[in-house]
Amino acid sequence: MAQSSRPDRGAKIWNGVIANYRERIEITHDIAPVTLLEGNTPLVPAPRLAHWIAQEFAPASKNADFELFIKYEAANPTGSFKDRGMTTAMTQAVADGAKTVICASTGNTAASAAAYAARAGLKCVVLVPDGKIAAGKLAGALSYGAQVISIDGNFDDGLRMVREATEHAPIALVNSINPARVQGQKTASFEIIDVLGDAPDWLCLPVGNAGNITSYWLGFKEYHRDGLASKLPQLLGAQAAGSAPIVLGHIVKNPDTIATAIRIGNPARWHEASAALDESDGHICAVPDEAILHMYRNIAKIEGIFCEPSSATGLAGLARSLRESMVDLHGKRVVCVLTGHGLKDPDTAIKGIAAPIMIEANITALLKVI
Ligand code: AN7
């Protein structure tokens with residue numbers, strides 16, 4: 001017989017990161033949040049991938065028996081972690097009376113800003129490097145109705161231009177140099193601790209403009225300060241080898257990598273990222289494109305988790321650090337952030353992989369090939 005009341009299945013109603021962490025988010029709270037109910041992303045255990053990394057990169061090592069979780073930020077509304085910071089930046093922009101927002105972007109920020117601006121009824125202008133933005137990101141930014149401007153330059157040029165634009169016109173800048181962005185993005189650390197009950201030993205992620213590593217570190221420190229975590233994680237950052245200013249210690253004038261999301265030669269939060277790496281006793285390394293692609297393919301094949309190449313850079317960095325004995329992961333709990341969805345970049349996904357085989361439309365032909 002049907003029950004008259006719904007059984008409690010333990011599910012909590014989720015109203016987005018501002019509603020859930022309101023008291024910890026330093027923005028103006030006197031208007032309703034501009035939200036697409038971002039956040040609350042899966043923290044997926046990945047034992048098969050951890051085992052493969054140990055076998056492939058450190059077969060003889062005793063330091064490779066670690067526990068791995070994937071923070072799957074691709075599950076956000078526009079397919080990347082950027083939505084966490086965009087709900088806060090856009091809410092603050094509306095509270096400040098802005099009518100137009102602007103950003104430079106390698107793609108994901110553009111799509112996210114466009115979506116949240118649409119939600120808020122604001123005009124959105126995005127500057128992207130010509131030809132160096134993945135198809136799914138361009139599709140998003142255009143579909144959400146942003147004015148998309150392709151520049152004959154890279155992300156660093158675009159960021160310089162939008163910074164200058166906001167000095168000449170009443171436009172709100174929603175790049176991660178905007179402090180409201182960090183306030184939203186730090187909630188990913190809260191979610192990890194809320195699920196695991198404590199901070200992990202290592203937090204591993206790709207680094208581009210360095211807003212995310214700055215935000216994670218802030219979030220972990222806040223929970224730790226308030227007694228909600230007994231420890232702080234060590235941070236492991238990874239940059240693409242052709243675009244590795246923090247690793248090299250100097251600006252890269254012409255950054256180049258297949259991981260276009262992190263094709264950034266002069267990170268805006270460079271200083272904060274270095275401080276976070278130091279304070280956490282962390283490590284940052286550079287990973288060549290082939291190693292990024294190798295990890296990208298294997299995450300999908302081994303765990304059924306599809307991320308974009310830039311996102312795989314974090315795990316590729318972890319694997320490399322393990323191989324070079326830069327980290328000891330023996331008995332450690334590692335969380336790796338997969339920052340954006342694999343479907344963002346269908347061209348890279350399809351290139352270099354076996355194409356579907358073509359058969360006649362009958363059972364004999366099918367049985368012959370399977
Ligand atoms: C999938 O969208 O900078 O170190 O303009 O899209 O916080 O910059 C994207 C960055 C990692 C690096 N993974 O994060 C942009 C942009 C993905 C990204 C990063 C980005 P940050």
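When a ligand or atom number is given, it counts from 1 through the structure's own listing order. Throughout, numbering of the chain's residues begins at 1 and tracks the sequence.
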- Task: Please determine if R24 and D226 form a salt bridge, counting it only when a charged side-chain N lies under 4.0 Å from a carboxylate O.
- Result: yes

- Fellow cluster residues of V182, listed by chain then number, with links counted only when side-chain atoms sit under 4.5 Å apart: L218

- Does the distance from a Lys or Arg side-chain N to an Asp or Glu carboxylate O, for R84 and E191, drop under 4.0 Å? yes

- Message: Over 60° means perpendicular and under 30° means parallel, so tell me whether Y296 and F306 are parallel, tilted or perpendicular.
- Response: tilted

- Task: Using a strict cut-off of less than 4.0 Å between a Lys/Arg side-chain nitrogen and an Asp/Glu carboxylate oxygen, indicate whether E73 and K82 qualify as a salt bridge.
- Result: no

- Message: For the residue pair N212 / S215, report whether a side-chain donor-acceptor contact shorter than 3.5 Å exists.
- Response: no

N/O pairs closer than 3.5 Å, ligand 1 and protein:
from, atom 1, to, atom 2, distance (Å)
ligand 1, 2 (O), S105, OG, 3.1
ligand 1, 2 (O), T106, OG1, 3.4
ligand 1, 2 (O), N108, N, 3.2
ligand 1, 2 (O), T109, N, 2.8
ligand 1, 2 (O), T109, OG1, 2.9
ligand 1, 4 (O), G208, N, 2.8
ligand 1, 4 (O), N209, N, 3.3
ligand 1, 4 (O), A210, N, 2.8
ligand 1, 5 (O), S105, OG, 3.0
ligand 1, 5 (O), T106, N, 2.8
ligand 1, 5 (O), T106, OG1, 3.4
ligand 1, 5 (O), T109, OG1, 3.3
ligand 1, 6 (O), N108, ND2, 2.8
ligand 1, 7 (O), G211, N, 3.2
ligand 1, 7 (O), N212, N, 2.8
ligand 1, 8 (O), N209, N, 2.7
ligand 1, 13 (N), T339, OG1, 2.6

